Amino acid sequence: MAEAAILAALRVLGETFTNEGAKLAISKFSRLCSTYKNLEANINNISSELRVMQAFLDGIEMDDQSNKPQVAWIKEVHELANHIEDIVSEFAYLINNQKFDGISIYVTKLFKDPKLLVDLKRVASQLLKAETRLVNLARMKERWVPTTNVSIGEKSYSNEYSYKMAISAHFIDEDQIVGIKNNRGKLTSWLNSKNLELSVISVWGMGGVGKTTLVTNVFRREKNNFDCNAWINISQSYTVDNILQNMISEICKEGKNNSINTGNKDLRELKENVVKLLKEKKYLIVLDDMWDLKAFQDIRDTLVNDHRGSRIMITSRIANVASLAPESNRLELKPLPELDSWELFCKKAFPIERNHECPPPLKKWAKEIVSKCDGLPLALVSLGGVLSCSEKTESEWRRVHDQLTWELENNPNLDPLKNILNLSFKYLPKYLKNCFLHCSLFPEDFSLPRKKLLRLWIAEGFIQQKGRSTLEEVAEGYLMELIHRSMLQVVQKNSFGRVKWCQMHDTLRELAISLCKRENFGLIHEDNKSESAYGSTRRLSIINLRETVKHDVCLPKLRTFLSFDNDVPSSSLLSMIFDKSRYLTVVDLEGLPIETVPNAIGDLFNLHYLGLRETKVKSLPKSIKKLQNLQTLDLLLSHIQTLPDGISELKKLRHLFAEVVIDPTYRSFRTRAGISLPKGIFYLKDLQTIQALESNAMVVRELGNLTQLRSIRIWNVKENHSVELCKSLSKMSSLSYLSIYASDEKDILQLEGLHLPQLQKLGLRGQLKETMLESPLFKISGNSIQSLCLLWSQLQNDPLPSFSHFRNLTFLNLTRAYEGQQLIFQSGWFPKLKRLELVLMPNLIHVEMEQGTMEGLEEIWLDILEQLVEVPKGIEYLVSLKLMGCTDMPVDFGGLAKGIHQLFHFTCRVF
């Protein structure tokens, strides 16, 4: 990970010293202080040395821990790159935090501050020392570091291990394989399909999930149904010649073909030989452990299609490689379910026990260990094998459980597991490695929220600008790449089909934790770990803090602090962080019971992310205005209702979340409130998100200055705000999420003049005129809208026909939107709808969906507001929900039971 540290240092160097003000400041400073007259050249030298070191690290085998001098040297490079990043961050703060008009005046006044001059001399001196250390490190490498570059075609240590594992899969006894019956049946049916065209079958999933074992089992059973076959392991460092030579050798070894000498043949001759061997034959070829599409494309022209039912089977950890097969021939392998996991583990852990039964005293810890494996067959087999040779005592098994991370890193018997998982990490692109390790800072089995994760990665500096895409769009691409590479698992998608929550597999997390520690990426505090390791850590995650942190703990290099323990002693913790960790970039205190934020937070000049969501904080200190690098301020569901004027000075602010809960039951008209914003905030040109603000005449007028907004939620909109609000919102050509909430039930939202062609999510709470449904917002913007919520609209006419043309709608919520008696969803409407929520009015007595309506619908949610208590006593309230042709539809009746009162009788029927 030294290369990632170098990239971070180079990024900060580039951002800082390409700035016009910074260049003038350096020039002026060099003239004032003769000791630093060559400072600009020194900075260029540092950048050059780092770039060359980066190129050197790109060409060596980074996971070769046997080369001790190299490991030690890389560690030195890593620490120095981190130190340079810190120095440059402080230098940028010193020269950019002054407020003057005009660069020339700014630079002149800058150096009239004696304290500032002293600080600049200190930082410049550190830069010169860093340059000297870089030069010495380069010399040290030449003297002490032997390097063995891995050329194309050679097998690295990890690749060699992967190859051996693939070979061993061919010799696993049938009775040692668990949980493959259904998947084996699918693959067998695809292989024996009556389709005579050459077809590709793919099996993909994370490393260690059993892809090779499954395919090997099928291959052994079915290969005799083909005229010839070949099993080819494709490493990350493959050559086309090598693949073709192996194919020829495999096909010929069956004895049905004469042996061919491939030693001196060029690429053309090798391809001709393969074509000759496959022509007029029904063949089966397995391409195992394929890492990229190019490997297949390189040999595609040799795969003869003679319409004899030939098959290509591919195994891969990567989704886009699996997409070489049509979707109907694509199998994503998932971890084993609980019962299969237990069976497989016991077969390995208790090989000589009767029926492989676990002794009762060990059952508790055996279950815990199996749970840690989270259904990953390789982990179950590896740990089961280790424990089969250990003492069958409760204390020994508890020890293995408690120090699983250490065992993974140090126990040679777990090398198969470690190396297979390491291979996935090793071949991640550099820009993804930090993102992957960052996910391990969250607790085990934690569902990672997509949007928050992306904002954290941006704050950390992991995301690089790409063309005209926003950083958030680039970050989402990184997340999807990690998912497609089987490094993260999707927990839930929203109705749009976008990832909402994802998760890191437990075993992969254990690997990542050990890498975090080895690479000094971050430290996780769980239970009572020693605080002595804190000193040099750059990221600290508090998951379980059982005792008060000592006041003398110093975290001078800390850049990220995350807390997931709501019982953390906040007073001592906050003072420790804010007073002693001056380079902090991310502080996330979500859920902590803190009531105040120390004024010292203003000294965190490098802070990009401040998370105070669901805390008890009521106000922010005035020093908040000094956080000139702040990108995300998350105050959602805290007790803050007003922001200080200084917020307007945070020029880099991208996301502002602040909202207060009024009605925790969420059943009244006004459930939440936004916050009051100072006027100056409407001139922050980087601002993309405001959730949520309180409307007033000034707000709706000034809002139009934020033309770059992509997401906004507005509370307390009065009827007389509507015209001005439409003018302001219509200037936001990139707006994709909009929620508008009227001040009360009687205020009408007159938004007929609103036109937002890019809008994807729309929520309106308040009375609407019937003409609203004929406005451009519904007639034109409707083509892009994917989520629509109409709440308390009080419409007299059936609204469904007005937006039945929303072809991309995936989520629809109608809460007291319609005061008629029946809703009928006609066939052909809303073809992409996944989720429907209906909160019913007392007079709505019939909901019907015609045959074939919304065939993709996955969930219906029904509720009755507590206002039903107003129904006159003795009147039967009957809802008829008719789902024709949807007998298997899951229906969540949500709050229906809560809406049943003694004042009336309620029934619900599903036909």
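Everything numeric here is computed off the predicted structure, so don't read it as measured data. Just so you know, these numbers use all the heavy atoms, side chains as well, and skip hydrogens, waters and symmetry mates.
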Would you say the side-chain atoms of Arg450 pair up with the backbone N or O of Leu448, donor to acceptor, closer than 3.5 Å? no
Are the side chain of Glu394 and the backbone N or O of Leu362 linked by a donor-acceptor pair below 3.5 Å?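 No: the side chain of Glu394 does not pair with the backbone of Leu362.
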Could you work out, with side-chain contact (heavy atoms from CB on, under 4.5 Å) as the rule, every residue matching [X], not counting sequence neighbours?
{"X": "Cys435", "value": "Trp457, Phe462, Ile463, Tyr478, Leu482"}
{"X": "Asn225", "value": "Asn192, Glu222"}
{"X": "Ser440", "value": "Met504, Arg509, Ala512, Ile513, Cys516"}
{"X": "Gln492", "value": "Lys500, Trp501"}

For Phe436, does the six-membered ring have the charged nitrogen or CZ of Lys426 within the cation-pi criterion, i.e. under 6.0 angstrom from the centroid and within 45° of the normal? no
Does Lys281 qualify as a cation-pi partner of Phe226, given the criterion of NZ or CZ under 6.0 Å from the six-membered ring centre and within 45 degrees of its axis?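 No - Lys281 does not lie over the ring of Phe226 by the 6.0 Å and 45° rule.
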Using a strict 4.0 Å threshold on nitrogen-to-oxygen distance, state whether [X] and [Y] make a salt bridge.
{"X": "Asp288", "Y": "Lys211", "value": "no"}
{"X": "Glu473", "Y": "Lys466", "value": "no"}
{"X": "Glu343", "Y": "Lys347", "value": "yes"}
{"X": "Arg308", "Y": "Glu280", "value": "yes"}
{"X": "Arg268", "Y": "Glu272", "value": "yes"}
{"X": "Glu327", "Y": "Arg330", "value": "no"}

Would you say [atom1] of [X] has more than 12 non-hydrogen atoms from neighbouring residues, nucleotides or ligands within 6.0 angstrom?
{"X": "Lys392", "atom1": "NZ", "answer": "yes"}
{"X": "Glu269", "atom1": "CD", "answer": "yes"}
{"X": "Lys186", "atom1": "NZ", "answer": "no"}

If you define the side chain from C-beta out and look only at heavy atoms, does anything of [X] sit under 4.5 Å from [Y]?
{"X": "Trp231", "Y": "Ile285", "value": "no"}
{"X": "Phe425", "Y": "Leu508", "value": "no"}
{"X": "Asn183", "Y": "Lys334", "value": "no"}
{"X": "Ser382", "Y": "Lys348", "value": "no"}
{"X": "Met313", "Y": "Leu287", "value": "no"}

Which atom of [X] lies closest to which atom of [Y], heavy atoms considered:
{"X": "Leu324", "Y": "Val200", "result": "O-CB, 4.0 Å"}
{"X": "Asn494", "Y": "Phe496", "result": "OD1-N, 2.9 Å"}
{"X": "Leu380", "Y": "Gly375", "result": "CD1-C, 4.2 Å"}
{"X": "Ser388", "Y": "Gly385", "result": "OG-O, 2.6 Å"}
{"X": "Pro335", "Y": "Val209", "result": "N-CG2, 3.8 Å"}
{"X": "Thr507", "Y": "Cys373", "result": "OG1-O, 3.5 Å"}

Under the ring-ring contact (aromatic ring centres under 6.0 Å, His included) test, residues paired with His484 that sit two or more places apart: none
Quick one, Val400 with Trp365, criterion side chain to side chain contact (heavy atoms under 4.5 Å, CB included). Give me CA distance, side-chain angles, the key distance, then yes/no. CA-CA 9 Å; Val400 172; Trp365 294 108; over 6 Å; no
Sequence neighbours excluded, every pair satisfying ring pair (Phe, Tyr, Trp, His ring centres under 6.0 Å) that has a member inside residues 336-357: Phe350-Trp397
Evaluate the criterion side-chain hydrogen bond (donor to acceptor under 3.5 Å, both in side chains) for residue pair His307 and Glu197; output intermediate values, then yes/no. CA-CA 5 Å; His307 310 287; Glu197 292 289 322; 2.8 Å; yes
I'd like to know whether Tyr238 forms a side-chain hydrogen bond (donor to acceptor under 3.5 Å, both in side chains) with Asp298, so could you lay out the CA-CA distance, the side-chain angles of the two residues, the decisive distance to 0.1 Å, and finally the verdict. CA-CA 11 Å; Tyr238 76 92; Asp298 286 338; 3.0 Å; yes
How long is the gap from SG on Cys252 to CG on Leu277, to the nearest 0.5 Å?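 If we round to the nearest 0.5 Å, Cys252:SG and Leu277:CG are 5.0 Å apart.
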Hey, what do you get for CD1 (Ile234) to CD1 (Ile314), rounding to the nearest 0.5 Å? 8.0 Å
